Amino acid sequence: MTKHRAQTGLALVGLLGGASAQEKVEELEPVTVLAKKFEADRKDTAAAVGVVGAADLVRMQLDRTLDALNIIPGVQGLSTAGLVGNTGGAIFRGLPTPYTQVVVDGVRITDATNGLGNFLAGGHVGGLSQLEILRGPQSVLYGTGAAGGVIGYETAVGDGEPTYRFFGEGGSFDSYRSTFSSQGQLGILQYGIELGRFETENDTFTTLPRHDYEQDQASLALQWRARGDVLLKFSYRGSENQLGTTSISPLFISYSDIETKTHLVAFNAEYEVNPDWQSKLTLGYYDESYLGNFDGSFGPSVFGTDFGRLTVNWNQQIQLNEQFELLTGLEYSDSNFKNSSGRQTDYHIAGVYLHGNWKPIGGFLIEGGVRYDEHSEFDGDTAWDFGGSYELGGSGTRVRTRVSQAYRTPSRLDSARFAGAFSTQIANSDLVSEEILGFEIGIDHDFGDHQLELGCFQQELKNAIATRTIAAGFPSTTQRQNLPGTSRVSGVELALSGELIREELRYRLAWTEQGKEEVIDVPDRMISLDLSYDGGDWLVGAGVSHVAGASYGADPLNFIPTDERTVARLYGEYQVNEYLKLHARVENLFDEDYLISDIFGTQLEGAGRAVSVGATIEW
């Protein structure tokens, strides 16, 4: 596949969400950008990578990033803090959110000074070309914190005559969502734009009688091929979020009103030095602010944070000969974090990586790489990986294996002294980076219209950083320390997708069996199945998910395991004419009662049955 053809295919997939059901748009084999930082076939990497195209996300009527993650094996997107709008999390292969990295339009969102919770709380998948998930340690390409895996996506642009699309939907719990989007090409400029609003009162219950959330979001991408060998792209993604809750416990009633704002600006310049050498420069800035007003047993309080991160990446893809490909890059980031309690830190990272891919014979791949990062506050860190794959003749079967080491670096928020209202953190100058060693082996098999991926993994965590209580009391005295010993996680992942009997009947299955879970308690089993039938002018689909019970914590006294749950959904659409499409969806079809979490005596219930209906107008 040539580079131009791949980009055109992604543009078609990005536009497919607004196409009428009867139109047949050619869908090219999904490529990955995340696995190499340049477009590549998924068979050209030994890493486990999942790709979900924009067309599939639209077909399944999935809008939130957290929901979309659950159709990939080994990954769970959730919020243990509540329903839509609350702090989000992503668990990769048994490792919690701090070991996950998110890359949007080539720009990393977080580092050791700021978590993913606020970003994932309001994250949505509108206006994307595709969603990519890399599983396993990925620090060679992505640096600190990419220990469990990496979530990545790019803002889509159109190609050809502009199309315009208005989407409106209403449903249970006073939920309303509307978006206006357009993609296409104006002269030499390709573009994609989306403006949206979402609001909901969520499903409330006795201990959480108010749970209101509102979001305004926007995305914009402009792409210009300045000349045959130069491609320039500017993108912006931002949101403003309002969350209001009332929580009732046996001891007190608490109120919160929280405002979160996120803004990401990215500029990418790709230059084809020659047919065998691609160069890409990425400049990006991510800004996030949080302001919470709280009122409870201890009286009113205000807490806020501000985070900004500047990123500069310069990556090279060089085809040295027919057998050997070299990936290399220089990276620099400058982060600033502060909160209303007086904690502040500046955090700088400079890094370099080198990764090689060798194909000595047809169907055989050997890859390996190394990275070194220098941090402004701690010693440098090194990551490495080594792997390979072999395709068994023309059987469509590929065997892959990979071993890799990643790291997660602390910051001064971990090591410095800080006096708070409830506790005093004492300094620890001996903190070192956490180390994660991962091993995996898998089989990928294409047979007819079906794709099978089966793999097993094990990861070991050393020098885990945790808070230890030095002296109890009010305030207490704590310290961030490296824990002794090794914690292990392991499991088996299965992905199966394709067409049943005929091309109109499609399915997608993700199955995870968790083995060891020595970091936090996670579900022993997760299953997600989606089945849909495209009848031309109409489409119907159904999905079911099963999640075993888990506490999502390491403290068995305060984190209580929930019961297992099985939740079903239905969705469908009908193309009335060339311009109008109607759709409907039912979440939690059988109104299953279940707990999201049971933490420190607070039980949070999942949403009950929810019905949504809406329409799309396209011209």
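Just so it is clear, the model here is predicted, and its values are computed rather than measured.
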Does S411 use its side chain to pair, donor to acceptor, with the backbone of L413 at less than 3.5 Å? yes
Between N428 and S415, is there a donor-acceptor pair closer than 3.5 Å when you use the side chain of the first and the backbone of the second? no
What pairs of residues pass the salt bridge (Lys or Arg N to Asp or Glu O under 4.0 Å) test when at least one of them lies in residues 86-99, not counting sequence neighbours? R93-E440, R93-E493
Would you indicate whether W384, at its atom CH2, is surrounded by more than 12 heavy atoms from other residues, nucleotides or ligands within a distance under 6.0 Å? yes
Test item: S490 side-chain N/O and Q458 main-chain N/O as donor-acceptor pair under 3.5 Å: no
What closest approach, in Å, do G88 and L66 show between heavy atoms, and which atom pair accounts for it? CA-CD1, 3.9 Å
As an exercise, state the distance from CZ of R135 to CG of L95, rounded to the nearest 0.5 Å. 13.5 Å
Are the side chains of L496 and R508 in touch, meaning some heavy atoms are under 4.5 Å apart? no
Which heavy atom of L34 sits nearest a heavy atom of G152, and at what distance? CD2-N, 3.7 Å
According to side chain to side chain donor-acceptor pair (under 3.5 Å), who are the partners of H211, at least two apart in sequence or on a separate chain? N86, N202
Please examine the side chains of C456 and I441, heavy atoms only from C-beta on, and report whether any two atoms are closer than 4.5 Å. yes
Distance-only, no hydrogens or angles: does the E518 side chain make a donor-acceptor pair with backbone N or O of R488 under 3.5 Å? yes
More than 12 heavy atoms of other groups within 6.0 Å of D593 CG: no
Qualifying salt bridge (Lys or Arg N to Asp or Glu O under 4.0 Å) pairs with a residue from residues 107-124, counting only residues at least two apart or across chains: D111-R309
Run the side chain to side chain contact (heavy atoms under 4.5 Å, CB included) test against I599 and tell me which residues pass, sequence neighbours left out. T80, F559, S597
Between I133 and I151, is there a side-chain heavy-atom distance shorter than 4.5 Å? yes
Pairs touching residues 328-349 that satisfy salt bridge (Lys or Arg N to Asp or Glu O under 4.0 Å), sequence neighbours left out: K37-E331, E331-R371
Begin with the C-alpha distance, continue with both residues' side-chain angles, and end with the deciding distance and a verdict on salt bridge (charged side-chain N to carboxylate O under 4.0 Å, His left out) for E592 and R565. CA-CA 8 Å; E592 178 81 5; R565 63 180 183 268; over 6 Å; no
Just so I know, are the side chains of T382 and V370 near enough to count as touching, which here means a heavy-atom distance under 4.5 Å? yes
Tell me, please, which residues at least two apart from D414 pass side chain to side chain donor-acceptor pair (under 3.5 Å). R480
For D385, give me all partners under side chain to side chain donor-acceptor pair (under 3.5 Å), at least two apart in sequence or on another chain. H355, R402
Under 30°, 30 to 60°, or over 60°: which ring-plane class applies to Y153 and F119, parallel, tilted or perpendicular? parallel
Stepwise side chain to side chain contact (heavy atoms under 4.5 Å, CB included) test for F337 and T305: CA-CA 7 Å; F337 173 89; T305 64; 4.0 Å; yes
State, yes or no, whether a side-chain contact exists between L365 and N357 at a heavy-atom distance under 4.5 Å. yes
M526 and V75 have their tightest heavy-atom pair at CE-O, 3.8 Å
For the residue pair A146 and Q101, what are the closest heavy atoms and their distance? CB-NE2, 3.6 Å
Determine the interplanar angle of the H375 and Y347 rings, folded into 0 to 90°, and report it as parallel if under 30°, tilted if 30 to 60°, perpendicular if over 60°. parallel
Contacts of Y255 that satisfy ring-ring contact (aromatic ring centres under 6.0 Å, His included) - sequence neighbours left out: none
Do Y372 and Y353 have side chains that get closer than 4.5 Å, going by heavy atoms? no
Would you say the side-chain atoms of Q603 and E605 include a donor-acceptor pair closer than 3.5 Å? no
Between N588 and A607 (side chain of the first, backbone of the second, donor and acceptor by atom type, cut-off under 3.5 Å), is there such a pair? yes
Do T32 side-chain atoms and A35 backbone N/O form a donor-acceptor pair below 3.5 Å? yes
Would you say that R42 contacts D444 through its side chain, given a criterion of any heavy-atom pair below 4.5 Å between the two side chains? no
Among all residues two or more places apart in sequence or in another chain, which pass the side chain to side chain donor-acceptor pair (under 3.5 Å) test with Y99? E434
Walk me through whether V140 and L354 qualify under side chain to side chain contact (heavy atoms under 4.5 Å, CB included). CA-CA 8 Å; V140 169; L354 185 68; over 6 Å; no
Locate the shortest heavy-atom distance separating A90 from T97; write the atom from each residue and the value. N-OG1, 3.0 Å
Taking A416's backbone N and O only, do any of them form a donor-acceptor pair with Q425's side chain (distance below 3.5 Å, no angle check)? yes
Looking at CD of Q405 and CG of D381, how far apart are the two atoms once the value is rounded to the nearest 0.5 Å? 9.5 Å
Going by atom types only, do Q215 and N241 share a side-chain donor-acceptor pair under 3.5 Å? yes
Contacts of Y290 meeting ring-ring contact (aromatic ring centres under 6.0 Å, His included) (sequence neighbours excluded), chain-then-number -> none
Side-chain heavy atoms of L604 within contact of L595, under 4.5 Å: no
As a quick check of understanding, evaluate salt bridge (charged side-chain N to carboxylate O under 4.0 Å, His left out) for E435 and K462, giving each step before the final call. CA-CA 5 Å; E435 297 179 2; K462 295 182 179 180; 5.7 Å; no
Side chains of S256 and T245 only: does a donor on one sit below 3.5 Å from an acceptor on the other? yes
Pairing of E513 and R525 as salt bridge, 4.0 angstrom limit: yes
Which residue pairs pass the side-chain hydrogen bond (donor to acceptor under 3.5 Å, both in side chains) test with at least one member in residues 66-79, sequence neighbours excluded? Q76-Y552
Using side-chain hydrogen bond (donor to acceptor under 3.5 Å, both in side chains) as the criterion, point out the one residue from N118, T262, T260 that pairs with S239. T262
On a heavy-atom basis, the closest approach of P73 and L494 is CB-O, 3.6 Å
Between the OG1 atom in T282 and the CG atom in D105, the distance rounded to the nearest 0.5 Å is 9.0 Å
Sorted by first residue and then second, give each salt bridge (Lys or Arg N to Asp or Glu O under 4.0 Å) pair with at least one member in residues 250-264; sequence neighbours left out. R210-D257
Backbone N or O of V522 within a donor-acceptor pair of the E517 side chain at under 3.5 Å? yes
